[in-house]
Amino acid sequence: MKDTWDLGNSVEDGTKPGSSAGVPPAVPSASSGQAAEASGQTPLRAALIATFFGIGRMRPGPGSWASAVTVLLWAALAYALAPSLRTPVTVALAALVTLIGIRASTQVARGSGTKDPQFVVIDEVAGQLVALIGVPLAWKSFLAGFILFRVFDIVKPPPVRQLEALPEGAGIVLDDVAAGLYALGFMHLFLHFGLLK
């Protein structure tokens, strides 16, 4: 099974430029990840995570698609959880997605030769989860969380934009986490003043 994803160009017959016809490619080992990235390939697992299982390839607005799917998936999961577990599970998921997202985004950025590829949307998943921490299960809350996160992710008030300057996956993911924190703060202000009833 092929465990790298070629982000470069291939010729029509399916072989990569510079490869010999009839000669099978070397099977990458676990330690060859950086070599694969340097040659324009990304480990398949990293590509799947970074694109949120292909949602990053959707058009238009892959980040908005990823945020919307995150809200829907979280809503489905939250309804299945006991109320006392919802907030800690959201926090744990947001932290987990942030950590694995930084690593996967780093690998994809190296493999594509792009600082912040548009098809990398795991950062939107992490930020959207942050925006939903402690949010009641109601359509108005979910819609407000989605809109607030997308606004702050696009506007990027300080220090959101400055976090983009961090190296590799950290810069890709942490600015969205910061946008999620902005959205979370405003969301709870709206809830406190009863604006989402």
Side-chain angles (χ1 to χ4, degrees), residues 46 48-56 58 60-79 81 83-109 115-193 195-196:
L48 289 173
I49 291 169
T51 63
F52 198 29
F53 301 94
I55 290 173
M58 296 177 71
S64 294
W65 282 109
S67 292
V69 171
T70 301
V71 171
L72 293 174
L73 289 175
W74 168 245
L77 176 61
Y79 277 109
L81 293 171
S84 61
L85 292 176
R86 289 171 185 159
T87 296
V89 168
T90 321
V91 172
L93 279 175
L96 179 63
V97 170
T98 298
L99 291 174
I100 66 172
I102 289 173
R103 178 173 172 78
S105 299
T106 295
Q107 291 177 307
V108 171
K115 185 180 187 308
D116 189 355
Q118 189 179 17
F119 54 82
V120 171
V121 293
I122 195 65
D123 48 336
E124 274 83 9
V125 177
Q128 186 64 72
L129 283 170
V130 169
L132 297 174
I133 293 172
V135 170
L137 302 188
W139 71 267
K140 287 183 180 178
S141 300
F142 291 141
L143 181 60
F146 171 78
I147 293 171
L148 284 168
F149 171 65
R150 295 309 301 145
V151 167
F152 286 115
D153 189 28
I154 292 167
V155 174
K156 298 187 184 301
V160 178
R161 189 168 301 280
Q162 287 72 17
L163 288 171
E164 283 185 311
L166 291 172
E168 299 185 315
I172 293 172
V173 175
L174 292 182
D175 67 312
D176 288 72
V177 171
L181 288 170
Y182 265 108
L184 179 66
F186 275 84
M187 170 69 76
H188 283 279
L189 277 176
F190 292 164
L191 292 168
H192 177 76
F193 290 108
L195 300 177
L196 295 176

Evaluation steps, salt bridge (charged side-chain N to carboxylate O under 4.0 Å, His left out), between R161 and D175
CA-CA 7 Å; R161 189 168 301 280; D175 67 312; over 6 Å; no
Would you say the ring centroid of Y182 lies under 6.0 angstrom from that of F149?
no
Look up atom CG in L129 and atom CD in E124, then write down how far apart they are to the nearest 0.5 Å.
12.0 Å
Within this structure, what is the CE-CD1 distance for the pair M187 and I147, rounded to the nearest 0.5 Å?
9.0 Å
Side chains of L77 and W74: closer than 4.5 Å at any heavy-atom pair?
yes
Of all heavy-atom pairs between L163 and A178, which one has the smallest distance, and what is that distance?
CD1-CB, 3.5 Å
Once you round to the nearest 0.5 Å, how far does OG1 of T51 lie from CZ of F119?
8.5 Å
Side-chain donor/acceptor pairs under 3.5 Å, residues 92-103, sequence neighbours excluded:
unit_1, atom_1, unit_2, atom_2, d
T98, OG1, A94, O, 2.7

Taking the inter-plane angle between the rings of F142 and Y79 on a 0 to 90° scale, is it parallel (under 30°), tilted (30 to 60°) or perpendicular (over 60°)?
perpendicular
Which heavy atom of V108 sits nearest to which heavy atom of A46, and what is that distance?
CG2-O, 3.8 Å
List for me each residue that meets side chain to side chain contact (heavy atoms under 4.5 Å, CB included) alongside L195, sequence neighbours excluded, and say none if there are none.
F190, F193
Minimum heavy-atom distance A104-I49, with the two atoms named
CB-CG2, 3.7 Å
For the student: nearest non-hydrogen atoms of I133 and T90, plus distance
CG1-CG2, 3.8 Å
Give me the one residue out of V173, V177, D153 that meets side chain to side chain contact (heavy atoms under 4.5 Å, CB included) with D123.
V173
Rounded to the nearest 0.5 Å, what separates atom CD1 in I55 from atom OG1 in T70?
7.0 Å
Using only atom types and a distance under 3.5 Å, with no angle test, would you say the side chain of T106 pairs donor to acceptor with the backbone of G169?
yes
R86 (side chain) donor-acceptor with L81 (main chain) under 3.5 angstrom
yes
Shortest non-hydrogen contact between F146 and S67, atoms and distance
CE1-CB, 3.6 Å
Looking only at heavy atoms, the pair that brings H188 and G134 closest together is CE1-O, 3.4 Å
As an exercise, state the distance from CG of L184 to CZ of F152, rounded to the nearest 0.5 Å.
11.0 Å
E168/K115 under salt bridge (charged side-chain N to carboxylate O under 4.0 Å, His left out): CA gap, chis, key distance, verdict:
CA-CA 7 Å; E168 299 185 315; K115 185 180 187 308; over 6 Å; no
Look up atom CG in D116 and atom CD in E164, then write down how far apart they are to the nearest 0.5 Å.
6.5 Å
